[in-house]
Novice: 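To start, I am sharing the structure in question, which I have written as C-alpha cells.
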Amino acid sequence: MPTPVISPREADVLALLGEHLSNAEIAARLFISVRTVESHTSSLLRKLALPDRRALSRRAVELARAERPRPAPALPAPLTAFVGRERERAALAALLADHRQVTAVGPGGVGKTRLALAVAAGAADGFTDGVWFVDLAPVAGPDRVAAAVAAVLGVGEQPGQGLDEAVCAALAERRALLVLDNCEQVRDGVAPFLERLLAACPQVRVLATSRARLLVPFERAFPVPPLSQDGGATSEAVALFVERATAAAGMAPDPALRDGIAAVCERLDGMALAIELAAARWPTLGLDGLRDGLSDQLRILAGGPRADERHRSVRAVLDWSHELLEPADRALLRRVSAFVLPFTAGAAVSVAGFAPLDPGAVADGLGRLAEQSLLTVVPSAHGTRYRAQETIRQYGAELLDGAGESARTRGRHLDWCLGGADGLARAADEERQLPEGGRQAGFDALAEELRAALAWAAERPERRPDARRLALGLAGLAFDRHLLGEAQQRLEQAAALATALTEDSPTDAADATDAVNAADSLREAARVAGCRRLGDDMYRLHRAAATAALDAGDPAGAARDLAAAATVAHRFSSTFTRLPAAAEVTALLARARELSDGSPAASAALALAEAAVLADAYGSVQGSPDNTARETVGYAERAVDLARRAGDPVAESAALDALSGAHSWAGEPFAAARAARRRVELLALAPRTPATAHEQVDALAMAAATAIGVGELGRARQWGRQLSGHPLTAEVGHHATSWLLVADAFAGQEEDVLAGGARFLDAWEQGGRPRSFSLGPAAAAVAMVHGLRGDDGARASWLAVAGRAGTEEEYRHGYGAVFDATVLLDRGEAEAALERLSPAPEEVWKWVSWVWLHWYAAVRVEASVLSGHPEARERLAGARATVAGNPVAEAQLDRARALLDGDPARLRASAAAFASAGSHYQSVRSLRLADAAGGG
C-alpha cells in the first residue's frame, strides 16, 4: 500500500495535535483559520486511516518519537583511554545482543567496569530509550538497590508500592540498557530486583558487573579475563602500561624497555588495576625500581584457600603500593575507607585526624594519595572531594581492622554523620525558602554516609543510642526529601533500636523511657504510612505502638493507639489491601475503652473511633448503609468538641473530616463543606510533620470535593490546584489532580481537563491502576468533557478507566449518572438522560449524598422538563429546597423553569447566573437553549 502524501501544512497541524492543542490554539499558532485546521484534521484522519482525533494525536507522538534524536548514553566519561580488549568487547557485545541479562564476572581490578562501559557505549544506538549506568558501590544494603536505580532514572516513589514496582512501571515499555556496576556487595538485593524488572519490562536489557555470579536462572555470565599478554612486548597488558605511564610522566617509556615492562605485567598477572598502579610509579621508580619492589615488597594478603588467585594478586599490588607510603599516609588511607561517597578534606579531618596523624596534615596527605592514584579527585560545585575506588576502599577497611582502629574511626565517622544530619535538619527548618533542589542536593551528598554509619552502629550495643538518634534524623531528612518509604523504614528501625535498648538497660526507668521512644517512633511511622496511602501499615503500626506503650506503663497512650488503629480501618479503608474483620476492629475499640484514663487526648481519640466504627461517619466500604444520619452527626460533633478541648489540631482535623462525612450522609452538603473548609484553615499554620502533611493533603481533597458539592467551583479549583502542587502529591498525579479535574469539568474548562487528564492517566497507570473514591469521578469527568466535545472514542476509553478506578455502585448511582446525563442532555437525548437518573435521590442516598446530591437533583429536574415528564413541575419544586444556596444548581433549576414555561428571556438570564457561578459550559448551553426556543 503506498505511503500517503502529507503536505507540509498538514505535517504542522499533525505535530501540534501531538501536543494536544485545540483547533483554536493550532490556528493561532499557525496563523490560519479554525476551519482550515478542521479541514487539515479531516484530511489527516482520512490519509492515515485513523478513527478519531485521539488516535491522530497518538500517531503524532509516535512519529515525533521516531524522528527525535536518541538520548545520549547516560554513562560516565572515562578520563583515560580504553586500551585493548577487542576480543572480549566483541564477545560481550554479542552475548548482550542474544540475552537480556549478562554479568561480567571477575576479580576486583580486572577491568570489568571499563569493559562494560565500552560495550554499553557501542550498543547505545540499539536502545532508543537510553543507556543508564548505576554504580552500586556506595549502596548501603541489598534493600537499597531499587532506590539507587530509581535515583538514576529519576523515578519517584508511588503510594502503595515500593520503588521496585515504580522502576518497573517506568521502564515497562522502554527499550533501554541498564548497566549495574559493583553488584557483588548487594548481590542478595540485585538478584530479586532483576527478576522483577526483566519480567515486567520485556524490552529492557541488563549488563551487570560483579565479582561473583548473581545466581539468577536467566543470567549469562561472561568471565572477564586479565589483560592479554599474548605478543609479549606488543601485548594489551604492555599497551595499557605504556599508555598510563606516558600519562603520568608526560613522555612514553623507551621502546627498548618494552620487554622488561612485559615481564612486570606478567608478574602482575595482567590485572588492569595492578598494571595501572605500577605504571603510575614508573616516573619515580623506573623499571628497575618496579622490578625490585615486586621482588622484595610484594606479599600476598591472607585470603584463605578459597581466595581467587587473581584477586590475591590485586591485593598484592595494593599491599605493595601501601608499603611505599609514609606511615601518616598509610593511616590516612585506611581511615578514609570509612567513607562510602566522595568526601571533603574537612570531613577527612573529622574522621581520620587523630594521633598519630596530625589533623593539620590531612589535606596534604589527601593530595599525596591522589597523586599516587589511591584516591581520585572529584571536582564538584561545593569544592574538591576525594574518592577511593571500591577495591581500594575495601582494602583500606581491612587495614583498618588489622590496625585495631576500626571502632574508633567508624565511631568518629558516626559522630560526623550525626553532626551532618543535625546540620541538614537545621537547614531544613531554617531555610525552607531556598529552592528545594538545594536541600535535596545536601541530603543526596550525605545520605549513603548516614546509612552506612547507621548500619554499623545498629550492630553495636554500646552505640545503639546513637544509632537510634541517627535513624530518627535520617527519617526526618528522608521525609523532607519526599523519600517516604525510607522515612517509614527508619522510624520503624528507630523503634526496634529503642526496644533493643530495653534489653541493654540496667534500670526499670531506662526500660520505660526506651519503650516510650519505641511507641513514639511507631506512631510517627504510622503517620508516614498514611502519607503513602498504606492503610495496612497504618493499622499495623498503630497496634504496635499500643504494645510499646503498654510496655512503657502508659495505658492511656495505648488506648489512643488502639483507637487510632480502629479509626484508620474505617477512615482510610480504601487504602487497605486486606481490611481487618469488623469484629477485630470492634474489639480494638473495646480494649481502648478499657485502657483509657479519661484524659482529653484519650477521650478525643475514643470519640473519633466511635464515630468511625459505630456510626460509620467516614462512609467506609465496610460500613452499614442503614446508619442513622443524625446519630452519625452527633457522634462526629462530640469528636470535634473533645479534640478541640485537647488542643490537638491534627485530631481536630480528623474529627472535622468525620463531621464533614456525617453531614454529607445526612444530606447536608453545606455543613459538610463548612467542616472541610475549617480543616484547611486549621492546618494552614501547623508545622510540617508527617501527621500534619497527611491531614493537609486529605483536607485539601475534601475541601475541594465538598466545595464542588455546593457549587463553589472557584474555591474547589483553588483547593484543587493547591492539592495538585502539594509536595506529597508530586509523584501521585492521579490523586493530586482528581478533584481539580472534576471542578474544571463542571466549570467547563475543557482544555485544562484534557491537559490534567494526561497527567492523571500517566500517574494512575504508573501507580498500578488503583481504585479510590476520588479516582473514578476524575476519570468520569474527563470522559464527560470528551463526550461534550463529540469525541466518543476518547470518551469510551476514559469510561473504561473510570470503571477500573472507581466502583460500580458509585458510578451507576452517583457521579456516573450525573456525568452521563449531562452528555445526553447536551446531545438532546433527554429521555435517555432521565432514564439514567430514574431513581430519586433518596433511593440511592449513599451514592448521591456525597458530592453529587445537588448535581443529581438539578440535572434530574432538567431531564424531566426536557423529556416532558408529567411530574417535572413537582420535581422542580421539590428540588428547590434541596439545592438552595448552590449557585450552579439554582441556575440550572431556574433554567428548567424557563424551559417549562417557554421563557427565552429567562433562559438568557440563567446564562449570566451560570457565568457568575463560574460554570462556563452551562452558561453557553443556556444561550443555545434560548436560541433554540426562539429567544435570539
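Just so you know, these numbers use all the heavy atoms, side chains as well, and skip hydrogens, waters and symmetry mates.
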Novice: Using modelled atom types and a 3.5 Å cut-off, is there a donor and acceptor pairing between side-chain atoms of Thr729 and backbone atoms of Leu723?
Specialist: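 Looks like yes, one N/O pair under 3.5 Å.
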Novice: For Gln696, enumerate each residue passing the side chain to side chain contact (heavy atoms under 4.5 Å, CB included) test, keeping only those at least two apart in sequence or located in another chain.
Specialist: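 Leu683, His726.
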Novice: With a 4.0 Å cut-off on N to O distance, would you call Asp791 and Arg53 a salt bridge?
Specialist: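 Looking at Arg53 together with Asp791, the answer is no, because their closest N to O distance does not fall below 4.0 Å.
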Novice: Donor-acceptor pair, Trp764 side chain versus Pro770 backbone, under 3.5 Å?
Specialist: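 The answer is yes, because a donor-acceptor pair under 3.5 Å joins these two groups.
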Novice: For the residue pair Tyr921 and Met784, establish whether any side-chain heavy-atom pair is separated by less than 4.5 Å.
Specialist: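 No, every pair of side-chain atoms sits at 4.5 Å or beyond.
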Novice: For the residue pair Arg533 and Thr575, confirm or rule out a side-chain donor-acceptor distance under 3.5 Å.
Specialist: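 Looking only at side-chain atoms, Thr575 and Arg533 do not form any donor-acceptor pair under 3.5 Å.
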Novice: Charged N to carboxylate O under 4.0 angstrom, Asp820 versus Arg795?
Specialist: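 Judged by the 4.0 Å cut-off on N to carboxylate O distance, Asp820 and Arg795 do form a salt bridge.
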Novice: What I want to find out is whether Arg527 reaches Glu695 closely enough, with some N-O distance under 4.0 Å, to be called a salt bridge.
Specialist: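 No, no charged N to carboxylate O under 4.0 Å.
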Novice: Just so I know, are the side chains of Asp698 and Arg571 near enough to count as touching, which here means a heavy-atom distance under 4.5 Å?
Specialist: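 Yes, side chains in contact.
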Novice: Charged N to carboxylate O below 4.0 Å: is that the case for Asp826 and Arg928?
Specialist: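 Yes, charged N to carboxylate O under 4.0 Å.
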Novice: Restricting to salt bridge (charged side-chain N to carboxylate O under 4.0 Å, His left out), what partner residues turn up for Glu584, sequence neighbours left out?
Specialist: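 Applying salt bridge (charged side-chain N to carboxylate O under 4.0 Å, His left out) to Glu584 gives Arg543.
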Novice: Checking the side chain of Ser724 only, and the main-chain atoms of Gly720 only, is there a donor and an acceptor separated by less than 3.5 Å?
Specialist: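 Such a contact is absent between Ser724 side chain and Gly720 backbone.
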Novice: Within a reach of under 6.0 Å around CD of Glu831, are more than 12 heavy atoms found that belong to other residues, nucleotides or ligands?
Specialist: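 Not buried by this count: 12 neighbours or fewer within 6.0 Å.
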Novice: May I ask you to establish whether Arg836 and Tyr811 are in a cation-pi arrangement, using a distance under 6.0 Å from NZ or CZ to the six-membered ring centre and at most 45° from the ring axis?
Specialist: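 Yes, cation above the ring, under 6.0 Å and within 45°.
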Novice: Which heavy-atom pair separates Leu741 from Ala778 by the least distance, and what is that distance?
Specialist: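 What the structure gives for the nearest pair is CD1-CB, 4.1 Å.
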Novice: So, the side chain of Glu862 versus the backbone of Val859: is there a donor-acceptor pair under 3.5 Å, distance only?
Specialist: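 Answer holds: no.
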Novice: In this structure, are over 12 heavy atoms from other groups packed under 6.0 Å from Arg759 atom CZ?
Specialist: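 Counting other residues, nucleotides and ligands, CZ of Arg759 exceeds 12 neighbours.
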Novice: Is Pro777 close to Val851 at the side-chain level, that is, under 4.5 Å between some pair of heavy atoms?
Specialist: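 Sidechains of Pro777 and Val851: no contact.
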Novice: Which word best sums up how the rings of Phe760 and His734 line up, parallel for under 30°, tilted for 30 to 60°, or perpendicular for over 60°?
Specialist: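 Because their plane-to-plane angle is over 60°, the rings of Phe760 and His734 count as perpendicular.
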Novice: Any ion pair linking Glu810 and Arg771 (charged N to carboxylate O, less than 4.0 Å)?
Specialist: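 A salt bridge is absent here (no side-chain N lies under 4.0 Å from a carboxylate O).
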Novice: What pairs meet the ring pair (Phe, Tyr, Trp, His ring centres under 6.0 Å) rule with one or both residues in residues 819-844, with sequence neighbours excluded?
Specialist: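 Counting only pairs at least two positions apart or across chains, the ring pair (Phe, Tyr, Trp, His ring centres under 6.0 Å) contacts touching residues 819-844 are Phe746-Phe819, Phe819-Trp852.
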Novice: Check this for me: does any side-chain nitrogen of one of Arg540 and Asp537 sit under 4.0 Å from a carboxylate oxygen of the other?
Specialist: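 So Arg540 pairs with Asp537 through a salt bridge.
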